[in-house]
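Here is how names work: the chains are called A, B, and so on, in the same order as the sequence lines, proteins then strands, and each is numbered from 1.
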Protein chains: 2
Amino acid sequence: MDGSGEKKPAKRRSQERVLQRDPERTRAAILEAATREFAENGMGGARVDAIAERAGTNKRMLYHYFGDKEQLYLHVLEEAYVGIRTAERELHIGDRSPEEGIAELALFTWRYFLRHPEFLSLLGTENLHRARWLRQSVRLKELHSHLIVELTEVLDRGKKTGVFIDAADPLNVYLTIASLGYFYISNQYTLSTIFGRDLADPGNLDAWERHIVHVTLASIKA
Amino acid sequence: MDGSGEKKPAKRRSQERVLQRDPERTRAAILEAATREFAENGMGGARVDAIAERAGTNKRMLYHYFGDKEQLYLHVLEEAYVGIRTAERELHIGDRSPEEGIAELALFTWRYFLRHPEFLSLLGTENLHRARWLRQSVRLKELHSHLIVELTEVLDRGKKTGVFIDAADPLNVYLTIASLGYFYISNQYTLSTIFGRDLADPGNLDAWERHIVHVTLASIKA
DNA sequence: CCATCAAGTAACTGTTTGGTTACTGACCGG
DNA sequence: CCGGTCAGTAACCAAACAGTTACTTGATGG
């Protein structure tokens with residue numbers, strides 16, 4: 001839950017007692033509480049009071065650290081993007097065969113989405129508002145290029161060895177992977193309701209995971 | 001429910017002048033205004049005052065016809081589902097070859113999504129709330145079965161003639177088509193921002209349309 | 001031509017909301 | 001051990017909000 005174990009300011013007194021005043025912990029608690037609140041209720045539905053209460057603090061601190069509701073929301077969104085892109089960097093999809101690389105990226109993306117529904121939710125909220133806050137972000141210029149660069153390289157290797165078609169486009173491949181994962185998870189509630197099948201059932205989740213890999217590879221195989 | 005339409009005795013006067021008092025028109029205006037307001041702002045962000053103003057009426061009428069904000073929202077959502085499923089019924093995807101049938105469904109779905117972004121937006125909002133209102137709906141039980149029935153039949157024909165693989169599942173095929181269309185359109189704002197390519201550009205839209213058909217068929221072809 | 005009743009209006013109400021103010025108390029250098 | 005600084009608290013405020021009340025307007029049947 002809390003991140004009290006990480007990176008203390010080193011100037012700790014010899015005794016280990018819990019501080020009543022811990023700026024970093026309070027800040028982190030607000031950010032985490034805000035992530036949940038925004039993910040569950042969207043921008044319009046999120047309540048500042050609820051965030052403060054969830055964080056075990058009060059509104060004054062929230063405004064102290066983040067300015068206002070909108071800036072707090074932007075921090076949450078940026079942090080969420082940093083989260084997936086950071087995890088993605090540790091993949092090294094170019095280490096094995098091109099086909100295994102693509103399959104690995106597809107699996108990673110699906111599983112990341114599955115474990116971080118709050119990320120999908122935040123994306124949905126941000127898109128509802130036509131990227132109004134994301135476009136103001138200055139932290140996110142170079143964050144996403146790494147993915148495309150690495151994906152381009154893997155696809156090019158596959159094209160040279162003749163396993164991928166020449167028309168395979170890096171962005172299209174990523175959008176395909178992301179589409180299949182995003183829609184299934186973020187829309188599971190309406191889909192389960194109207195089609196009468198529980199999409200969250202482990203068996204169905206497994207089947208869809210295999211489906212994503214199969215579809216992605218089938219769409220670019222020579 | 002309310003049954004406002006049933007007792008209309010069609011006793012219109014000979015002159016065709018526009019009525020100042022027109023219940024059906026007012027009701028329809030509220031529903032359309034609400035559709036836009038909910039689609040643009042979500043459930044939490046939508047304002048009852050804004051809906052009344054957009055409809056050219058006032059809140060009293062809105063509460064008169066629809067009860068409260070939540071019931072109005074449910075009406076909007078139901079109407080949106082009726083819209084796509086009604087248009088879908090006129091497709092008759094079984095009339096041509098199985099491959100053409102699937103391609104036709106994919107094209108229809110993509111183009112419908114493209115022309116009705118408010119439908120995608122409403123789905124996003126409803127899923128944010130885990131289908132809270134949709135599950136209460138009594139009008140939507142039999143609405144969606146037609147699609148699956150017809151799709152099953154097309155796939156079965158394709159399997160018999162050997163053009164489709166046996167593993168092709170109707171729901172999975174539809175989810176694939178819907179995923180690729182939904183994600184591209186509903187997430188275009190964040191995607192265009194982070195990847196620096198305008199996804200709404202006509203050339204890119206056309207390319208994605210062809211991509212959807214290609215991917216869908218590639219994933220089920222024998 | 002008037003009684004009736006539904007359509008339509010606008011001002012109002014109690015509550016919730018984002019944001020602020022005035023204050024308390026823990027920590028640290030000198 | 002004192003005083004300034006800043007994390008933290010709670011009461012507060014004006015605006016915005018969903019929903020209501022009291023009222024007016026206009027079509028229509030008798």
Side-chain angles (χ1 to χ4, degrees), chain A residues 2 4 8-31 33-34 37-38 40-76 133, chain B residues 2-31 33-34 37-38 40-76 133:
Chain A
D2 65 68
S4 59
K8 305 269 171 155
K11 263 191 187 173
R12 189 109 308 174
R13 299 286 293 271
S14 54
Q15 43 193 338
E16 281 294 327
R17 73 184 179 80
V18 174
L19 287 177
Q20 266 115 15
R21 301 169 38 131
D22 189 336
E24 287 174 31
R25 198 162 85 147
T26 302
R27 212 188 119 98
I30 292 171
L31 210 53
E37 178 73 10
F38 283 122
E40 286 173 21
N41 303 103
M43 181 65 182
R47 298 287 162 249
V48 173
D49 288 280
I51 294 169
E53 200 189 325
R54 287 181 119 149
T57 180
N58 57 65
K59 286 194 291 181
R60 180 66 186 82
M61 289 295 93
L62 191 153
Y63 285 100
H64 181 244
Y65 287 118
F66 297 99
D68 62 10
K69 188 184 179 183
E70 301 197 9
Q71 283 178 261
L72 174 57
Y73 167 78
L74 179 56
H75 269 267
V76 164
W133 290 282
Chain B
D2 69 66
S4 63
E6 57 196 343
K7 195 187 107 180
K8 189 76 185 178
K11 267 191 191 165
R12 189 115 308 171
R13 298 290 291 272
S14 54
Q15 43 192 341
E16 283 291 329
R17 72 183 182 82
V18 174
L19 288 177
Q20 266 117 15
R21 300 167 41 130
D22 188 336
E24 287 174 32
R25 198 162 84 146
T26 302
R27 212 188 118 98
I30 292 170
L31 210 53
E37 178 73 10
F38 283 122
E40 286 173 21
N41 303 103
M43 181 63 182
R47 298 290 162 247
V48 174
D49 288 280
I51 295 170
E53 199 189 326
R54 286 181 119 149
T57 178
N58 57 66
K59 286 194 289 182
R60 180 67 187 80
M61 289 295 94
L62 191 153
Y63 284 99
H64 180 245
Y65 288 117
F66 296 99
D68 62 8
K69 187 185 179 183
E70 301 197 9
Q71 284 179 262
L72 174 58
Y73 167 77
L74 179 55
H75 269 269
V76 164
W133 290 280

D:dC17 phosphate, OP1 or OP2: any side-chain N/O from B:Arg47 under 4.0 angstrom?
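Yes, because at least one side-chain N or O of B:Arg47 sits under 4.0 Å from OP1 or OP2 of D:dC17.
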Below the 4.0 Å mark, does C:dA7 have OP1 or OP2 next to a side-chain nitrogen or oxygen of B:Thr26?
no
Measure from [atom1] on [X] to [atom2] on [N] and round the result to the nearest Å.
X: A:Asn41; N: C:dG18; atom1: CG; atom2: C1'; result: 16 Å
X: A:Glu53; N: C:dG18; atom1: CD; atom2: P; result: 13 Å
X: B:Asp49; N: C:dA11; atom1: CG; atom2: C1'; result: 12 Å
X: A:Tyr63; N: C:dT17; atom1: OH; atom2: C1'; result: 9 Å
X: B:Arg60; N: D:dT24; atom1: CZ; atom2: C1'; result: 13 Å
X: A:Ile30; N: D:dT9; atom1: CD1; atom2: C1'; result: 13 Å
X: A:Phe66; N: D:dA7; atom1: CZ; atom2: P; result: 13 Å
X: B:Asn58; N: D:dT24; atom1: CG; atom2: P; result: 16 Å

Side chain of [X], heavy atoms from C-beta onward: which of [options] has the nearest atom to it?
X: B:His64; options: C:dT17, D:dG19, C:dA7; value: C:dA7
X: A:Met61; options: D:dT9, D:dT21, C:dG8; value: D:dT9
X: B:Asp68; options: D:dG19, C:dG19, C:dG18; value: D:dG19
X: A:Val48; options: D:dA22, D:dG19, C:dG18; value: C:dG18
X: B:Tyr65; options: D:dA18, C:dA7, C:dT9; value: C:dA7

Looking at every strand, decide which applies to B:Ala46 at a 4.0 Å heavy-atom threshold: base, sugar-phosphate, or nothing.
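Here B:Ala46 touches the backbone only, sparing every base.
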When you measure only distances, ignoring hydrogens and angles, does the side chain of A:Lys59 come within 3.5 Å of the base of D:dA10 through a donor and an acceptor?
no
Give me the atom names and distance for the closest heavy-atom approach of [X] to [Y].
X: A:Ile51; Y: A:Ile30; value: CG2-O, 4.0 Å
X: B:Trp133; Y: B:Glu70; value: NE1-OE1, 3.0 Å
X: B:Ala55; Y: B:Ala29; value: CB-O, 3.5 Å

Other residues, nucleotides and ligands only: do more than 12 of their heavy atoms fall within 6.0 Å of CD on A:Glu53?
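Open: at most 12 neighbouring heavy atoms sit under 6.0 Å from CD of A:Glu53.
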With salt bridge (charged side-chain N to carboxylate O under 4.0 Å, His left out) as the criterion, how do A:Glu37 and A:Arg47 come out once you've worked through the C-alpha distance, each side chain's angles and the decisive distance to 0.1 Å?
CA-CA 7 Å; A:Glu37 178 73 10; A:Arg47 298 287 162 249; over 6 Å; no
